Amino acid sequence: MRRWLIDICLVALAIISGVVWSQHDQTEYAERLDYLGLTENAQVYHSKQSTTAPQALAAINRVGLTNYQVQFQTGHTTYLYATGDLTTLPLSSGQWFSDQDFKSQLPVAIAGRNLADSLYSGGSQRYYQLGQQYIPVIGIMSNRKNSPLNDQVILTPAAPTFQQLGLKDVKVTIDAQNLNRHQAALKKIFKVKPTRLRYTNNQQTWLQTNGATVLWGAGLIIASAFAGWIVTFFWRPKAIAELSEQMRRQYIRGLWFKLTQHGFAALLLGTIFGMWRFYLTSLWPLLAFNAGLWLLYCALCWVSLRQYERKEADRATT
């Protein structure tokens, strides 16, 4: 039974690792939602040009960006155009914009949950009043309490007020995969140098932002190393003092190989459970970290077994 305790501990370590990375990802994702899904690679333009927003959008679409979104923001109102594989915002009801919505001449909107009670209801359809026009609302956004997302309304470029906007009236933010490659072309459109989007918590140090993840990670690393170090206590290798040096080493190598297989299976099981059970924006940090735990466990197993072998060799010579 004691032999299985190490495996159970390794499964638990992998699951705890999943919890730690899930909390880390949820914190980062919640912060990203405060900025309407924009990454910190996004570029912000405050242009003084008399160009209208529709003219600027048409020029941006000709630049050659891929998987991009353009936000024209004024106050709590954002006009959004997006294309490609992009992150959608969380909805408590309804649906996110489709590609056709951005191309359609009929405007639609998505409103934050704090605006839900102020929407006009006509049967099963709700509407956002924009001047004298009522825009169909296809979804309600919802994020953590006090998130700016809950007070926003997002409209497609077909909204009549968008047609009247000038660049000097809005803050324009562009997010794309290949954004840096097209900086020169975008600068020609806005006639101004962009700034990079920065989340407000960047006023904190890296350690302040990621301190909890670092501490938990350090604890898991220590626990994995400790599990490898005490493995001989749980597995109780048979006395090998009477064996020849070659046979002792062969026995230790075989036992080490068996222990690494058990450790791999245990950590893999815990990792799969974590991937299935917990929210993760990317699987790679969890996979890489747990792989590191396994390698550390294997190394400390080898050190522990070699130490046991030397003790047995010394006992054989006395």
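Note that these values count all heavy atoms, side chains included, but never hydrogens, waters or copies made by symmetry. Keep in mind that what you see is a predicted model, and the values were worked out from it rather than measured.
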Is it the case that one hydrophobic cluster holds both [X] and [Y], taking links as side-chain heavy atoms less than 4.5 Å apart, direct or via other members?
| X | Y | value |
| --- | --- | --- |
| Tyr251 | Leu305 | yes |
| Ile140 | Tyr127 | no |
| Leu130 | Ile138 | yes |
| Leu268 | Phe273 | no |
| Phe226 | Ile15 | no |

Within a radius of less than 6.0 Å around [atom1] of [X], do more than 12 heavy atoms belonging to other residues, nucleotides or ligands occur?
| X | atom1 | result |
| --- | --- | --- |
| Gln261 | CD | yes |
| His76 | NE2 | no |
| Trp302 | CH2 | yes |
| Tyr279 | OH | yes |
| Arg306 | CZ | yes |

*Please name all residues satisfying ring-ring contact (aromatic ring centres under 6.0 Å, His included) with Phe264, sequence neighbours left out, ordered by chain then number.*
Trp294
With rounding to the nearest 0.5 Å, note down the distance linking [atom1] in [X] to [atom2] in [Y].
| X | Y | atom1 | atom2 | answer |
| --- | --- | --- | --- | --- |
| Asn143 | Asp151 | CG | CG | 11.0 Å |
| Asn61 | Tyr81 | CG | OH | 4.5 Å |
| Cys298 | Leu259 | SG | CG | 9.0 Å |
| Ser147 | Tyr35 | OG | OH | 10.0 Å |
| Gln129 | Leu119 | CD | CG | 10.5 Å |
| Gln95 | Asp101 | CD | CG | 7.0 Å |

Looking at every heavy atom in both [X] and [Y], which two are closest together, and how far apart are they?
| X | Y | value |
| --- | --- | --- |
| Asn178 | Thr66 | OD1-N, 3.2 Å |
| Val192 | Ser47 | CG1-CA, 4.2 Å |
| Arg126 | Ser121 | CG-OG, 3.6 Å |
| Thr173 | Ala42 | CG2-CB, 3.8 Å |
| Leu165 | Pro54 | O-CD, 4.1 Å |
| Pro160 | Ile135 | CD-CD1, 4.4 Å |

*Once the angle between the rings of Phe97 and Phe102 is folded into 0 to 90°, is it parallel (under 30°), tilted (30 to 60°) or perpendicular (over 60°)?*
tilted
*Report the relative orientation of the aromatic rings in Tyr120 and Tyr134; use parallel for angles under 30°, tilted for 30 to 60°, perpendicular for over 60°.*
tilted
*asked:* Run the salt bridge (Lys or Arg N to Asp or Glu O under 4.0 Å) test on Glu309 and Arg249 for me, step by step, so that the C-alpha distance in whole Å, both residues' side-chain angles and the decisive distance to 0.1 Å come before the verdict.
replied: CA-CA 8 Å; Glu309 179 194 357; Arg249 291 185 178 180; 3.7 Å; yes
*In chain order, what residues pass the side-chain contact (heavy atoms from CB on, under 4.5 Å) check against His24, with sequence neighbours excluded?*
Trp21, Glu28, Asn210, Thr213
*Thr78 and Gln71: side-chain donor and acceptor closer than 3.5 Å?*
no
*Can you spot which of Val137, Leu155, Leu80, Leu91 makes a side chain to side chain contact (heavy atoms under 4.5 Å, CB included) with Ile110?*
Leu91
